[in-house]
Asker: 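Here you go, one structure.
Naming convention: chains lettered A, B, ... in sequence-line order (proteins, then strands); numbering from 1 in each chain.
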Number of protein chains: 2
Amino acid sequence: MSVKHCKTANTPDYVACDACKLSPICTPVNVGEHAYDFTGTMVKRRHFFKKGTFIFQQGDAASLIYAISAGTLKLLVHVKGSERVIDFRIPGELVDISSLNEGLHTYSAQALEDTYLCEIGKETLNDIASQIPQVQGRLMNVVNKELNSIQKSAMLLHGNVNSEEKIAAFILNLAWRYSLSGYSAAQFKLTMTRTDIADYLGLSKETVIRLFKKLQQAELIKIRGKQMTILDMDKLQHFVGIKLISSS
Amino acid sequence: MSVKHCKTANTPDYVACDACKLSPICTPVNVGEHAYDFTGTMVKRRHFFKKGTFIFQQGDAASLIYAISAGTLKLLVHVKGSERVIDFRIPGELVDISSLNEGLHTYSAQALEDTYLCEIGKETLNDIASQIPQVQGRLMNVVNKELNSIQKSAMLLHGNVNSEEKIAAFILNLAWRYSLSGYSAAQFKLTMTRTDIADYLGLSKETVIRLFKKLQQAELIKIRGKQMTILDMDKLQHFVGIKLISSS
DNA sequence: CGCGAGATTGAGTTCTCTCAACTTCTGTGG
DNA sequence: CCACAGAAGTTGAGAGAACTCAATCTCGCG
């Protein structure tokens with residue numbers, strides 16, 4: 001899988017389909033001597049959402065599941081009259097798979113930049129899956145991997161006590177996820193604001209800024225505006241105590 | 001579903017099978033005119049583990065999936081030479097379902113009290129599921145619900161910034177989960193130590209103790225040793241900003 | 001009954017937050 | 001293309017929350 005680089009203004013940096021977590025569903029299945037490709041009828045490809053728009057809102061009926069083709073999302077819940085960031089999603093990742101057997105979206109999703117999504121109708125997918133065991137199996141695999149991923153992220157971000165560890169964990173989690181989607185783990189763009197990151201980690205934005213600076217002065221990372229470069233993956237991982245990415 | 005109460009010394013307080021998250025697998029399936037019950041061959045029921053023993057260790061090969069019949073577990077990861085609590089499991093809940101398509105356990109599981117587990121071989125389960133669509137569908141449902149549950153817990157515990165909110169979220173999360181398994185949401189035993197709770201929430205044990213006391217003085221909870229009683233569910237939920245349990 | 005793990009309490013320190021001022025960046029309209 | 005306005009980012013100072021350390025208490029178990 002080739003490592004992908006920064007997007008240009010004109011051509012969105014679409015994730016490679018084979019690096020997308022929805023690819024098992026998009027790959028044609030062979031049943032007996034026939035090959036069925038459901039993507040034509042089932043998947044709406046690369047639906048455009050302008051920066052700032054909501055893909056769906058908490059409480060909306062959930063009829064589709066989404067995979068990000070290009071762009072990034074911020075997920076938020078409405079709590080006590082205000083909003084709180086609960087996660088981010090990057091290209092190749094799925095959005096709200098857990099709504100597969102639930103009726104309503106439990107959070108909102110907002111585009112952090114111009115974004116393209118692939119969409120599948122839940123109904124259609126479940127129908128086909130119930131009829132064709134191979135599709136069911138693949139869907140199971142997708143959901144299983146998602147479970148794993150969510151759990152791994154939760155472990156990483158949950159277990160780290162002080163702010164410095166939380167920040168390091170956040171950076172590494174993003175790095176790991178970018179690498180899973182075929183992008184560089186060592187260099188990526190933080191499409192969310194410092195305030196978003198702070199909100200997500202339960203810190204103040206000033207603390208986030210100060211710790212970015214501290215990690216930079218320790219030469220573990222380099223950060224210029226929204227551009228993040230990891231300089232010393234090993235030390236950063238040692239910080240967090242979990243090895244996700246093997247730095248050659 | 002009848003609400004269950006505290007266990008006695010002699011008879012373990014087994015969860016009702018129909019409240020167990022594994023019940024879809026344990027319920028016989030009808031295929032055509034035949035009914036198949038795999039539980040006899042597939043499920044090892046109520047395997048006993050003494051308090052303090054490990055069910056499995058991080059890095060062990062994962063060949064079984066577990067459901068708790070009676071007792072509670074603490075899940076931990078080994079990080080930087082020490083251990084960190086990442087979650088707890090109560091009767092009716094599953095343990096490490098995410099290992100279904102992975103080879104190794106990503107964390108350790110230790111019995112917090114004398115515990116009985118039901119076990120299913122992954123291989124067997126996957127084999128049967130791949131042959132019988134109905135089983136596959138049920139398994140899918142189990143995994144889906146698990147995904148939902150993990151996500152809901154993560155949302156609750158993640159989004160709450162200060163220590164008081166974290167503690168309230170922890171209490172409510174346990175209450176919610178006990179109610180799902182058919183026990184009282186308002187009264188249950190904290191089988192883990194204060195230190196375990198502190199470790200889990202990323203706080204010091206002194207802070208946990210002081211905040212329990214504070215919530216008690218505010219008459220939201222009553223806590224006597226390990227016995228937790230929720231006195232004002234509404235206020236507690238308002239604290240956290242999410243309504244999980246409807247208090248009549 | 002005595003031991004030891006766990007729980008509790010107090011005091012002082014450190015970390016993180018809040019508030020406020022200021023700078024930089026970004027996007028929009030002239 | 002520049003000017004401007006608003007959003008985002010940065011920095012410093014003081015306040016408050018949570019931590020650490022240490023002493024003491026309690027309870028379950030042998």
Asker: When you compare the side chains of B/Asp18 and B/Ser23, does any donor N or O come within less than 3.5 Å of an acceptor on the partner?
Answerer: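 The answer is no; no qualifying pair exists.
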Asker: With a strict under 4.0 Å distance from non-hydrogen atoms of chain B, what nucleotide opens and what nucleotide closes the contacted stretch of DNA chain D, reading 5' to 3'?
Answerer: D/dA18 to D/dA22
Asker: Atom CD1 of B/Ile209 to atom P of C/dA5: distance rounded to whole Å?
Answerer: 17 Å
Asker: Would you call B/Glu93 and B/Arg177 a salt bridge, taking side-chain N to carboxylate O under 4.0 Å as the test?
Answerer: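 B/Arg177 and B/Glu93: salt-bridged.
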Asker: Under 3.5 Å, is there a donor on one side chain and an acceptor on the other for B/Gln58 and B/Ser108?
Answerer: no
Asker: Kindly give the heavy-atom pair with the smallest separation between A/Ala198 and A/Ser204, and that separation in Å.
Answerer: CB-C, 3.5 Å
Asker: What is the distance, rounded to the nearest whole Å, between atom NZ of A/Lys189 and atom P of C/dC25?
Answerer: 14 Å
Asker: Measure the distance from CD on B/Gln216 to C1' on C/dA7 and round it to the nearest whole Å.
Answerer: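 Nearest whole value for this atom pair: 14 Å.
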Asker: Between A/Lys213 and B/Val208, just flag the one whose closest nucleotide in DNA chain D comes earlier from the 5' side.
Answerer: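 Its nearest nucleotide lies further toward 5', so the answer is A/Lys213.
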Asker: With a 4.0 Å cut-off on N to O distance, would you call A/Glu164 and A/Lys214 a salt bridge?
Answerer: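 Salt bridge flag = yes for A/Lys214 with A/Glu164.
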Asker: Heavy atom of residues 190-206 of chain B under 4.0 Å from DNA chain D: which residues?
Answerer: B/Gly202, B/Leu203, B/Ser204, B/Glu206
Asker: Atom NZ of A/Lys50 and atom C1' of C/dG27: how far apart are they, to the nearest Å?
Answerer: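 To the nearest whole Å, that distance equals 10 Å.
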Asker: Out of the candidates A/Tyr107, A/Phe88, A/Tyr200, only one should pair with A/Lys74 under the side chain to side chain contact (heavy atoms under 4.5 Å, CB included) rule; please name it.
Answerer: A/Phe88
Asker: Residues in salt bridge (Lys or Arg N to Asp or Glu O under 4.0 Å) with A/Asp96, at least two apart?
Answerer: none
Asker: Kindly check if the number of other-residue, nucleotide or ligand heavy atoms within 6.0 Å of NZ (B/Lys226) is above 12?
Answerer: yes
Asker: Mind listing the closest non-hydrogen atom pair of A/Val240 and B/Val79 along with its distance?
Answerer: O-CG1, 3.8 Å
Asker: May I have the distance from A/Ile167 (atom CD1) to C/dC15 (atom C1'), rounded to whole angstrom?
Answerer: 14 Å
Asker: Indicate, with a heavy-atom threshold strictly under 4.0 Å, whether B/Lys226 touches base, sugar-phosphate, or nothing.
Answerer: sugar-phosphate
Asker: Between C/dC17 atom C1' and B/Asn162 atom CG, what is the distance in whole Å?
Answerer: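 Taking CG of B/Asn162 and C1' of C/dC17, I get 11 Å after rounding.
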Asker: Rounding to a whole Å, what distance do you find between B/Arg224:CZ and C/dA7:C1'?
Answerer: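 Distance check: B/Arg224 CZ to C/dA7 C1' gives 14 Å.
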Asker: Could you check how far CD of B/Gln217 sits from C1' of C/dT8, rounded to whole Å?
Answerer: 13 Å
